Each structure stands twice: as C-alpha cells, then as structure tokens.
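Just so we're clear, the structure is a prediction, and the values are computed from it rather than from any experiment. In listed order, ligands and their atoms are each counted from 1.
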Amino acid sequence: MAEFTMELNEEQKEVRDWLHGFAADVIRPAAAEWDEREETPWPVIQEAAKVGIYSLDFYAQQYFDPTGLGIPMAMEELFWGDAGIALSIVGTGLAAVGVLANGTEEQIGTWIPQMYGDANDVKLAAFCSSEPDAGSDVASMRTRAVYDEAKDEWVLNGTKTWATNGGIANVHVVVAVVDAELGSKGHASFIIPPNTPGLSQGQKFKKHGIRASHTAEVVLEDVRVPGSCLLGGKEKLDERLARARERAKAGGERVKNAAMATFEASRPAVGAMAVGTARAAYEVALDYAKTREQFGRPIIDNQGVAFQLADMRTSVDAARLLVWRASWMAVNGKSFTAAEGSMSKLFASETAKQVTAQAVQILGGNGYTREYPVERMHRDAAIYTIFEGTSEIQRLVIARTLSGMSIR
Ligand SMILES: Cc1cc2nc3c(=O)[nH]c(=O)nc-3n(C[C@H](O)[C@H](O)[C@H](O)COP(=O)(O)OP(=O)(O)OC[C@H]3O[C@@H](n4cnc5c(N)ncnc54)[C@H](O)[C@@H]3O)c2cc1C
C-alpha cells in the first residue's frame, strides 16, 4: 500500500509539467475556436496522440500509479487547459476503463487499441448508458439485449442519449438490460464494433458548455453483435445473474452493489476535472485583479475582491485534497465508508461552479464577454454537477452511506 502523500514524486512532477505545457501551449490557445465551432477538435486530439497523451499506454500508466495521484493530476492539468477539448481527449478513456474493468484479456487486447487508433488515424470510443427515461434512475433503462443462441449473437434495441462521442466513435460500449426483473443487477455491457449495421447517431446536442465535446443520441435497431462482444463473457454473466436471482428469491436482501464501488473509484477523476476548471478561472481572476485599476488602485486592493480570491483558492485546494484522498483510497482498495469518492465529486463540482462565477464577477464586463476565458469556463463548469451523477445523487449516496438508511 502506498502511503498517502500530498506531494508528487519527481516522476509525477515531470509528467505534470509536461501535461501543463501541452495544456498551455496546445489546448488553451485552441479553446475559444473549438467552443465556437462546437465540433470535435480532431487536430488537437491528433496532436495529443503524437506526443503520447491520447493513448492507452498513457492512461494505463496513470490509472495504475500506486499513489493514486496519476489520474487526478493528469485530469486537473488537461482540464485546466480547456474542459471541452480535454473531454474530447479523455472521453475515450471512460469507455476504455469500462472494458478494462469488466472485459476479458482477449476483449481488452482486441478492442482498446481500436478505441484509440494511432497518431496518423485517431479513433474515438463512447460509453453509452444514459437513456431519455433513465438518467439518474439507471434501473429504469429500457435498451434490451436478447441472446440468439442458435447464432451465438446478441441483438440490441433501444435509444441511448447524452453519449460523449456517440455516433462518431469507432467503438461503442453499450449498457443494456438482459434480465428486466433484476433491475440494475440485470444489466450487461456490450462492445459494438466499428460499422456495425443498426447503430446510428440520433440528434447531436447543442450545449451550454464543453461545446468542443460531441454529445449525441445513439440509436440501436436490431444491432447484432457476436457473443464475444459481451463484456466479461457469457459464463460470467450467467453466474452473476444466477446469484442475483438467488438473492432476489431470498427476499431481496440489500447487498453491496459492485457498481457503487466502481462509481466511488471513478468519481474522483471527474472531481479532478472540476478542480482543473476552477483553478484555471481562479488564476485568470487573480491576474486580472492585480492589474485592473479602478479608483486609482488595483481592484485587488479592495478586501471585497481580495477576500473572494482567498475563498476561491481555499475551495480549489480543499476540493483537490478531497479528490486526492478518494483517489488514493481507490487505488489502495480502501472501503468508501463515508462515500468519499462521491464527496470529492460533489465538492469539486460545486466549487467549479462557484469559483468560475466569482471569476466572471471579478472580471466585470470583460468577464461577461468571450474576449476572456472565464465566460467559457463558467459555462463549462455547469456540467460537473450534472454528469457522472448529479450533485443531488452524490448527496443521496453520501447520506445513505452515512446513515445506512434508504433515504429517498
Ligand atoms: C454533456 C454531457 C455528457 C454526458 N456524457 C455521458 C456519456 O458519455 N455516457 C452516458 O451514459 N451518459 C452521459 N451523460 C448523461 C449524464 O450522466 C446524465 O445527464 C445524468 O446522469 C443526469 O441524468 P438526467 O439528465 O436524465 O437528469 P435526471 O435524472 O432527469 O435529473 C433531473 C434533476 O432531478 C434531480 N433528481 C433526480 N432524481 C433525484 C433524486 N432521487 N433525489 C433528488 N434529486 C433527484 C437531479 O439531480 C437533477 O437535478 C452526459 C450528460 C451530459 C449533459
């Protein structure tokens, strides 16, 4: 077990500085353009692939860092550059982690390289779970996967929504119902290989923020995939479903949901993205407050402004500490007895929203225009309290974990 430390080691500092350089030199200068264009920033992703940031190797290296700080440090730096572009770069990783966590070795070896492509021909992946009527309430998912035993194929039908990279991805990972009576325990994940007939993109959403990241519906009409595309394999699924049915028969005794543990481990990464955006806005506001003069002195000379900056920085640092603690716990197999992963995501997301709003205020009229980046950062920050579980859902998870009661 790695000791918890608040200091990055030399190797991590090198990686952080390298990422920061990429974020400052490549991502930030491109941010306004891709926000306006509202399109996937392919050239930036290609650049990231060339230097090795858009690759499984890089992601896996950070993911398996025993201190737990690799992923939060990487997310913070990239999202400091720009949230929309950074999500376009790390979005594939969300789908890849789904395969890494649940796939067989063969599935990992076959599909993950196809998710990334290579520097000359980059590819994307999408993770599709949410549906029009199943957002926070994942158990009400309707997309069905039915097994055709004669052909050893699964047939999927349904509509997914809000999928990052949905429809433009080379590989889609789709969560579907295989046993409707078991609620969320009756779900399974499937790989949909490139160019599979029946999968199409529905509407692409025009968004408030993170506009460089593509978000769309994914429609599945009689999509047939080989049995080998069921993540983890049929035998494992049958065993899991049999156990769930046994438990349901025995009175539905509440068991610790493995998916919940996975969320606790993945949510700090989203918290780290929020820390990146919050820190970026705080830095712009600090610089501005030191140089903008009114009443014959820099505006930071007023306590009303200086104290806001003090609060902003305090919140950013507090958010990072919660994120680092939860990431360290995840990597070291600690149990999240107070839902520390959800706590970190909740606090960091709310911090990003608040700090970016304060930054807009400190920049005054300029903060309200697209001439300055805080306007975009404020729009971007609003996503953190919504995706990967809304703030209300995080509070629900924390409250349930603390109380042991089924609070609604
Ligand atoms: C830009 C973007 C990218 C996304 N990317 C992906 C992706 O790649 N893959 C994917 O599968 N999904 C993705 N999502 C979906 C995202 O995870 C969902 O939007 C989110 O889970 C919320 O679901 P919903 O939008 O249906 O809101 P709803 O669940 O309808 O919630 C609406 C409001 O009601 C509140 N609420 C709901 N239930 C409760 C409750 N029990 N107690 C208190 N309050 C409650 C919520 O907090 C929220 O404020 C993305 C969403 C966006 C906007």
Which of the atoms in ligand 1, numbered in the order shown and given with their element, are less than 4.0 Å from a heavy-atom of Lys207? 1 (C)
Of Ser391, Gly209, Ser130, Ala134, the residue with the heavy atom nearest atom 11 (O) of ligand 1 is Ser130
Any carboxylate oxygen within less than 4.0 angstrom of a Lys/Arg side-chain nitrogen, looking at Asp238 and Lys234? yes
If you measure from the Lys or Arg side-chain nitrogens to the Asp or Glu carboxylate oxygens, is any gap between Arg370 and Glu36 under 4.0 Å? yes
In this structure, atom 20 (C) of ligand 1 is nearest to the protein heavy atom Ile386 O, 3.6 Å
Please write down residue, atom name and distance for the protein heavy atom closest to atom 26 (O) of ligand 1. Gly135 CA, 3.2 Å
Atom 8 (O) of ligand 1: of Thr215, Val138, Thr164, the nearest heavy atom sits on Thr164
How about atom 34 (O) of ligand 1: does it have a protein heavy atom within less than 4.0 Å? no
For atom 40 (C) of ligand 1, find the nearest protein heavy atom and state the residue, atom name and distance (0.1 Å precision). Ile393 CD1, 4.1 Å
Check whether the side chains of Thr92 and Tyr59 place a donor and an acceptor atom closer than 3.5 Å, and report yes or no. no
Between Thr159 and Glu131, is the side-chain hydrogen bond (donor to acceptor under 3.5 Å, both in side chains) condition met? List the steps. CA-CA 6 Å; Thr159 300; Glu131 295 183 4; over 6 Å; no
Closest approach of any protein heavy atom to atom 28 (P) of ligand 1, naming residue and atom: Ser136 OG, 3.7 Å
So, for atom 50 (C) of ligand 1, does the protein have a heavy atom nearer than 4.0 Å? yes
Side chains of Glu3 and Trp328: is there a donor and an acceptor less than 3.5 Å apart? no
After noting the C-alpha distance and the side-chain angles of Trp18 and Phe58, does the key distance pass the ring-ring contact (aromatic ring centres under 6.0 Å, His included) rule? CA-CA 12 Å; Trp18 170 60; Phe58 171 72; 5.8 Å; yes
Please determine whether a side-chain nitrogen of the Lys or Arg among Arg320 and Glu76 lies less than 4.0 Å from a carboxylate oxygen of the Asp or Glu. yes
Should you measure from each heavy atom of Glu388, which atoms of ligand 1 turn up under 4.0 Å away? 17 (O)
I'd like to know if Arg211 and Asp380 make a salt bridge, using a cut-off of under 4.0 Å between side-chain N and carboxylate O. no
Are the charged groups of Glu246 and Lys249 less than 4.0 angstrom apart, N to O? yes
Just which atoms of ligand 1 are under 4.0 Å from any heavy atom in Ser129? 10 (C), 11 (O)
Tell me the contacting part of Ile210 for ligand 1: side chain, backbone, both, or neither, using a 4.0 Å heavy-atom threshold, strictly below. side chain
Who's closest to atom 47 (O) of ligand 1 heavy-atom-wise, of Glu392, His214, Gln394? Glu392
Just go through Phe205, Phe127, Trp162 and tell me whose heavy atom is the nearest to atom 4 (C) of ligand 1. Trp162
With a 6.0 Å cut-off on the ring centroids, do Tyr116 and Trp111 count as close? no
What do we get for Arg408 next to ligand 1 when only non-hydrogen atoms under 4.0 Å count, side chain, backbone, both or neither? neither
Would you say atom 6 (C) of ligand 1 has a protein heavy atom nearer than 4.0 Å? yes
Considering Leu396, Thr390, Ile383, Ile407, which one's heavy-atom position lies nearest to atom 22 (C) of ligand 1? Thr390
Salt bridge between Lys345 and Glu388, side-chain N to carboxylate O under 4.0 Å? no
